[in-house]
Amino acid sequence: MPGTPKGKAAETGETGETSGAGEGAAPRRRQARGERRVSQLLAAAAGVFCRTGYAAASTNAIAREAGVSPGTLYQFFPNKEAIAVELGGQLLQQAHEMHGQAFLPENLQRPLPELLDAVLDPVIAFNCENPAFWALMHGSGIPGAIDQEHWKLHSSLLGRIESVLHTFCPESSPAELAHTSNMILGIFKASLDLILVHEGAEREAYIAELKTVLLRYLDPMITTPHSG
């Protein structure tokens, strides 16, 4: 429009009410509201996936859980799969970071009982705090993108376990390390099923039992002084 400043003055806000700062505030507010809505929908989806599993969940159920209309949900996600992929991606990233903290190099210098505490406690805590992770990653019909990334996480975790075992059992062959690592992960997953469905003292009892099982399984294999 003729007479409207177009140059540097308008960009830097020197023209008062037409300042760039004022013009940018509304989009930022809209973006913040959008981010809050996405977080709200993902939290609702986590609750629904935990209760019904991924396959039985629906966008209508997620919208009800979030307290919004299906139309509002579709403004942010086109379908249930897109919600699961976003939620699963966030949880997988958190799981990768948590595994990095659990398998710190200095933990390898600890006796076996302390090592089990250092590794298992954060992994168990993560799964207890994020039950949707277990429900989504081990549910039926999960999107292929999640399944692929979960397999990468699984492979990475097996590699970490094998590395720890090699430190404690340096004379074991690669095949023996792989076999033992798969057994450890299998024992952990079976135990986690029990841990997640209990709370309080019962949960703590199952956690203690898991550590006892792994300790008795691994202790005879140890050929280094770490366990002493």
Side-chain angles (χ1 to χ4, degrees), residues 39 42-43 45-54 84 87-140 142 146-147 149-169 177-222 226-227:
S39 296
L42 293 178
V48 173
F49 293 153
C50 284
R51 288 196 303 274
T52 70
Y54 173 77
L87 177 61
Q90 291 185 12
L91 291 171
L92 283 163
Q93 178 60 38
Q94 294 171 27
H96 275 293
E97 294 171 358
M98 175 270 300
H99 288 164
Q101 292 298 312
F103 287 89
L104 289 173
E106 53 263 36
N107 288 338
L108 298 183
Q109 306 306 315
R110 300 184 178 197
L112 183 58
E114 293 181 16
L115 173 62
L116 288 174
D117 287 340
V119 171
L120 291 175
D121 287 348
V123 177
I124 293 171
F126 173 81
N127 280 276
C128 290
E129 293 165 6
N130 300 280
F133 179 76
W134 186 258
L136 191 54
M137 300 303 157
H138 298 87
S140 61
I142 62 173
I146 295 178
D147 192 41
E149 290 303 314
H150 182 240
W151 176 249
K152 291 179 182 178
L153 180 71
H154 175 87
S155 299
S156 173
L157 184 54
L158 276 177
R160 291 179 186 274
I161 296 172
E162 286 187 29
S163 179
V164 172
L165 285 175
H166 180 68
T167 300
F168 281 80
C169 314
L177 292 175
H179 177 267
T180 303
S181 297
N182 276 294
M183 283 298 300
I184 290 171
L185 198 52
I187 292 168
F188 172 78
K189 288 183 175 180
S191 300
L192 193 58
D193 270 334
L194 290 169
I195 291 168
L196 291 176
V197 298
H198 291 86
E199 297 180 353
E202 282 293 304
R203 174 176 287 177
E204 293 303 318
Y206 280 112
I207 292 173
E209 285 296 308
L210 166 61
K211 292 177 180 179
T212 298
V213 168
L214 289 177
L215 181 62
R216 292 179 178 174
Y217 173 56
L218 291 171
D219 194 57
M221 306 179 195
I222 303 303
H226 292 80
S227 61

**Student:** Kindly say whether W134 contributes a backbone atom to a donor-acceptor pair with the side chain of H138 at under 3.5 angstrom?
**Tutor:**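 Present.
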**Student:** Could you report the tightest heavy-atom contact between A46 and A132, atom names first, then the distance?
**Tutor:**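 Result for this residue pair: CB-CB, 3.6 Å.
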**Student:** Return the CE to CD distance between M137 and E149, rounded to the nearest 0.5 Å.
**Tutor:**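 With rounding to 0.5 Å, CE (M137) is 9.5 Å from CD (E149).
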**Student:** Enumerate the ring-ring contact (aromatic ring centres under 6.0 Å, His included) contacts for residues 109-132, please, sequence neighbours excluded, ordered by first and then second residue.
**Tutor:**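 Output for this query lists F126-F133.
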**Student:** For H198, which residues count as a ring-ring contact (aromatic ring centres under 6.0 Å, His included) partner, sequence neighbours excluded?
**Tutor:**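 Result, ring-ring contact (aromatic ring centres under 6.0 Å, His included) vs H198: Y206.
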**Student:** Look up atom CG in L153 and atom NE2 in H96, then write down how far apart they are to the nearest 0.5 Å.
**Tutor:**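 Rounded to the nearest 0.5 Å, the CG-NE2 separation comes out at 4.5 Å.
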**Student:** Tell me, with the steps shown, if E97 and Q93 meet side chain to side chain donor-acceptor pair (under 3.5 Å).
**Tutor:** CA-CA 6 Å; E97 294 171 358; Q93 178 60 38; 3.1 Å; yes
**Student:** Rounded to the nearest 0.5 Å, how far does CG of L194 lie from CZ of R203?
**Tutor:**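 It is 11.5 Å, given to the nearest 0.5 Å.
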**Student:** Sequence neighbours excluded and cut-off under 3.5 Å, please list the side-chain donor-acceptor pairs for residues 155-162, or say none.
**Tutor:**
from : atom 1 : to   : atom 2 : distance (Å)
S155 : OG     : W151 : O      : 3.0

**Student:** To the nearest 0.5 Å, how far apart are CG in L136 and CG in N130?
**Tutor:**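 The CG atom of N130 is 11.5 Å from CG of L136, to the nearest 0.5 Å.
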**Student:** With rounding to the nearest 0.5 angstrom, report the CG to CG distance, L215 to D117.
**Tutor:**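 L215 atom CG to D117 atom CG measures 10.0 Å (nearest 0.5 Å).
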**Student:** Of all the heavy-atom pairs spanning D121 and K211, show the shortest one and how long it is.
**Tutor:**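 Looking at all heavy atoms of both residues, the shortest contact is OD1-NZ, 2.7 Å.
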**Student:** So, do N127 and V123 sit near enough that their side-chain heavy atoms are less than 4.5 Å apart?
**Tutor:**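 Contact flag for N127/V123 side chains = yes.
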**Student:** Output side-chain donor-acceptor pairs under 3.5 Å for residues 98-108, partner residues at least two apart or in another chain, one line each.
**Tutor:**
from : atom 1 : to   : atom 2 : distance (Å)
N107 : OD1    : R110 : NE     : 3.4
N107 : ND2    : A102 : O      : 2.8

**Student:** With the side chain counted from C-beta on, respond yes when H154 and K189 share a heavy-atom pair under 4.5 Å apart, and no when they do not.
**Tutor:**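 H154 reaches K189 side chain to side chain.
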**Student:** Closest approach of C128 and I195, non-hydrogen atoms and distance?
**Tutor:**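 Closest approach of C128 to I195: SG-CG2, 4.1 Å.
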**Student:** If every non-hydrogen atom of H150 is compared with every non-hydrogen atom of L92, which pair is closest and at what distance?
**Tutor:**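 Taking every non-hydrogen atom into account, CA-CD2, 4.0 Å.
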**Student:** Go through I124 and L210 one step at a time and tell me if the side chain to side chain contact (heavy atoms under 4.5 Å, CB included) criterion holds.
**Tutor:** CA-CA 11 Å; I124 293 171; L210 166 61; 4.1 Å; yes
**Student:** Testing L165, T180, L112 one by one against M221 for a side-chain contact (heavy atoms from CB on, under 4.5 Å), which residue passes?
**Tutor:**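 Result: among L165, T180, L112, T180 is the only option passing the side-chain contact (heavy atoms from CB on, under 4.5 Å) with M221.
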**Student:** Can you name the side-chain hydrogen bond (donor to acceptor under 3.5 Å, both in side chains) partners of N182, sequence neighbours left out?
**Tutor:**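 N182: no side-chain hydrogen bond (donor to acceptor under 3.5 Å, both in side chains) contacts found.
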**Student:** Can you list everything that forms a ring-ring contact (aromatic ring centres under 6.0 Å, His included) with F188? Sequence neighbours excluded, please.
**Tutor:**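 Counting only residues at least two positions away or on another chain, F188 forms no ring-ring contact (aromatic ring centres under 6.0 Å, His included).
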**Student:** Given the rule in the side chain to side chain contact (heavy atoms under 4.5 Å, CB included) test, do L218 and I184 qualify, once you have shown the distances and angles that lead to the verdict?
**Tutor:** CA-CA 9 Å; L218 291 171; I184 290 171; 3.7 Å; yes
**Student:** If you round to the nearest 0.5 Å, how far is CG of L116 from CG of L214?
**Tutor:**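 Those atoms lie 6.0 Å apart.
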**Student:** For the pair Y54 and I146, evaluate side chain to side chain contact (heavy atoms under 4.5 Å, CB included) and give the outcome as yes or no after the intermediate values.
**Tutor:** CA-CA 12 Å; Y54 173 77; I146 295 178; over 6 Å; no
